[in-house]
Amino acid sequence: MGVSSVQPATVQPSADHSLLKVEDLRTWFPVRRGFFSRVRDYVRAVDGVSFRIASGCTLGLVGESGCGKTTVGRTILRLIPATGGRVWFDGRDVFALGRSELRALRRQMQIIFQDPVGSLNPRMTVETIVGEALTVHGIARGRARRERVAELLERVGLSPSHMTRYPHEFSGGQRQRIGIARALALNPRLIVCDEPVSALDVSIQSQILNLLADLQDEMHLSYLFIAHNLAVVEHFSDDVAVMYLGRIVETATAREIYANPRHPYTQALLSAAPEPDPGRRRARVVLPGEVPSPIAPPPGCHFHPRCPLAVDTCRREAPALRQVTGAPPGHLAACHRAEELRPHLIEELLAVQTPSGLPR
Amino acid sequence: MSSEQTSPRSGAGGVAGAGPPSAAPVVGHGTAADGDVVLQVKDLRTWFYMEEGIAKAVDGVSWGLPRGKTLALVGESGCGKSVTALSIMRLVPDPPGRIVGGQVLLEGRDLLALAEAQMRRIRGNRIAMIFQEPMTSLNPVFTVGNQIVEAIELHQNIRGRAAWRLAVEMLQRVGIPAPAQRVHEYPHQLSGGMRQRVMIAMALSCHPDVLIADEPTTALDVTIQAQILDLLRKLQAETGMSILLITHDLGVVAEIADEVCVMYASRIVERAGVHELFGNPRHPYTRGLFRSMPRLAAHKDRLEVIPGSVPNPLHFPSGCKFHPRCALAPGCERCRSEDPPLVEHGPGHWVACWKADQASCR
């Protein structure tokens, strides 16, 4: 099914300096139903996603549950087979790699998971968890491995004496540090961070975010930072891509997308995010309806059933992700009416006066 | 504003209230002494007796929930906010948990002194509760309608078709489209946001005086979270119910709370009205929380951090439980040895910190 068998592993003659380049990525999951469990449908979890990440930079991938952001991360790492599209890592076609090449590449691409409990084997000591990859890849064993693990633990703010302990002896924040140490063990160049702080307490989140930022500076890491928290993504990312129902609907630099969002969904998301400021408790956007099923997405623009700006064209034609006229270069939006969208337009159109009555 | 008035307000057959012996006169618990308080918690202590020792999950917590208002208990995991809610409902798992002291006064009547049968008439009826994950609180093998009707029949003198009509009406009120069809669906057929709406419909079907909402939007997406917060506000305006909101999310607090109690390590460390608390946080922990949060359009390179992590209730530090993480504590003998009481530092603004006066605005 995948493209992996078709293309030889060519080195792409790339002009840009992207470390990671994703082109028209598609990941569909078959839905089997009925007699003989025939494939009746596909869940189009990722349906034509393209982006690139420059070396040492962070792309924030943001969206609500079910939008496909996690699937993007895992497909890139080939943890899930792709249905179509290409991924280039440092000029190499990731989907065309054979087993041994893939293994070599995996040293350079790592992942940090959301759940620091479920992603650490409870029967392994910290030394084994962090050092396992060193053994698997034949890099270090015995004393050399212990020394390397000690170094990694210190790097993430733990003590080398923690090596002999088990995951349950640590707090959530410390467990996430163990997960980060594990990801760093092989000196990767790209780390997919899948909701790395969502399960952590507020006071611990900032510790982990600062740690990830320090590591990026020191080791020149690139991050694909997947999260649903807009404030966290804005703080942490150079560029941001907003996903809705398997597609990227808007992308720009972090500052630009938050200052001047050009897709109605982005505007609604930003307005809906609760801000810790009761003085700005305002007529907020309450976006009607819910995310439709990715098995039968609406025709035309996926967002049109919830969009207050939808016109006939939106119901018929899926908008392409394109440069917004008048916006800085690189600000792309998939909306037929992106040029008409001034800041806060959606907020004004959807504003619901709070019944409890402003001002309080 | 002395908070140690022991007199229950209404004569709803309260248990002869030997109130807790008064502490120092000015040093109070930050309870609202004036106004119409529907639910009041006084010096609540809920401890868990574990093999490793006693975990004092809630240890001397007091507050009052004004009628028709929203009080938020905010804090990080393990601070005791959920155990406070379970204690009010008398749903603390026993063993190992036990409410070892204090009072929970619903319009003056101490719920902790009621017999279990009496408590059952309060629970779900006068005080209803919704939880973070609606799927685990709904029964997967019954339709949504069955479950709402069960609640209605259990608590109200309404039966059969009338109860079903009321169930449909409730679903409509919480904004579920096509309620007459949805009432026959099973929980798995509904989305997360719809399930939370069903929970709210069920909770409100008996017109409770108090709704306890334990992280009601934490499991939901941002746009759905906005819908649910909006719904809670709307229903509160319509019914006049009081809401006890339990959350870790200061954004949610800012959106719907009137009063806020910040909890840390089993105690309330700060209490104030929402505008006062967000505009002028006084406790170093509260201020640390605000500073460590990434904010939209803030463009800061580094986040400030609160060093260390939340202490284990089995091994609380001595003195002020926040002192090992506090920037003001080094060199302060009192912070290390004496637990600061909650003291009023401004009208309605209570802080449990020896150095609250030094703590400048954020």
Side-chain angles (χ1 to χ4, degrees), chain A residues 62-67 170-174 197 199-211 213-214 228-236 254-255 258-259 265 268-281 284-291 306 352 354-357 360, chain B residues 70 75-78 177 191-194 217 220-227 229-231 233-238 248-258 274-275 277-279 285 288-310 312 325:
Chain A
V62 62
E64 298 184 285
S65 50
C67 74
F170 294 90
S171 68
Q174 287 174 318
V197 298
L200 304 177
D201 277 320
V202 183
S203 72
I204 308 302
Q205 281 188 8
S206 54
Q207 296 176 1
I208 298 296
L209 289 173
N210 282 349
L211 172 64
D214 291 345
H228 70 280
N229 184 322
L230 298 158
V232 168
V233 170
E234 188 205 17
H235 168 79
F236 200 75
R255 265 170 202 247
Y258 286 92
Y265 178 64
L269 261 190
L270 285 172
S271 172
E275 267 188 82
D277 183 355
R280 285 172 63 187
R281 193 184 294 186
R284 56 155 57 245
V285 163
V286 175
L287 195 61
E290 298 184 1
V291 182
R306 303 175 78 187
V352 177
T354 58
S356 36
R360 294 210 178 201
Chain B
T70 299
E76 300 183 287
S77 47
S191 67
M194 286 297 162
T217 60
L220 304 176
D221 280 320
V222 185
T223 59
I224 306 301
Q225 175 173 324
Q227 291 175 358
L229 291 178
D230 206 53
L231 174 68
R233 265 195 300 243
K234 180 184 126 221
L235 294 171
Q236 182 172 44
E238 281 170 19
H248 71 282
D249 188 337
L250 289 165
V252 171
V253 172
E255 289 289 342
I256 73 169
D258 298 294
V274 68
H275 292 281
L277 188 93
F278 280 68
Y285 175 65
L289 279 184
F290 280 121
R291 288 197 189 133
S292 61
M293 274 171 69
R295 292 195 172 193
L296 285 175
H299 302 305
K300 277 195 300 183
D301 272 353
R302 280 186 78 76
L303 297 167
E304 292 188 41
V305 300
I306 304 177
S309 53
V310 178
N312 180 337
R325 307 177 72 189

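Nothing here was measured: the structure is a model prediction, and the numbers come from that model. Atoms considered below: every heavy atom in the structure, side chains included; atoms not considered: hydrogens, waters and symmetry mates. Order of the sequence lines sets the chain letters (A, B, ...), proteins ahead of strands, with each chain counted from 1.
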### Task
Under 4.5 Å, counting heavy-atom pairs only, tell me which of B/Asp249, B/Val310, B/Ile224 racks up the most with chain A.
B/Ile224
### Summary
Nearest heavy-atom approach of B/Gln227 to A/Arg306 is NE2-NH2, 4.4 Å
### Summary
Smallest heavy-atom separation, B/Gly308 atom then A/Ile204 atom, equals O-CD1, 3.7 Å
### Query
Which heavy-atom pair separates A/Pro276 from B/Phe278 by the least distance, and what is that distance?
O-CD2, 3.3 Å
### Summary
dist A/His235:NE2 -> B/Arg302:CZ (nearest 0.5 Å) comes out at 8.5 Å
### Task
Sort B/Pro177 into side chain, backbone, both or neither according to what part of it lies under 4.5 angstrom from a heavy atom of chain A.
neither
#### Entry: CG-OG distance between A/Leu200 and B/Ser309, expressed to the nearest 0.5 angstrom
11.0 Å
### Task
Pick one of side chain, backbone, both or neither for A/Leu209, based on which atoms fall under 4.5 Å of a heavy atom in chain B.
side chain
### Query
Any idea which heavy atoms bring A/Ser206 and B/Val305 closest together, and the distance?
OG-CG1, 3.6 Å
### Query
What pairs with A/Ser203 under side chain to side chain contact (heavy atoms under 4.5 Å, CB included), at least two apart in sequence or on another chain?
B/Glu76, B/Leu289, B/Ile306, B/Arg325
### Task
With sequence neighbours left out, write down each residue that passes side-chain hydrogen bond (donor to acceptor under 3.5 Å, both in side chains) with A/Asp201, or none if nothing qualifies.
B/Ser77
### Heavy-atom pairs under 4.5 Å with chain B, option from A/Val202, A/Val233, A/Asn229, A/Leu269 with the top count
A/Val202
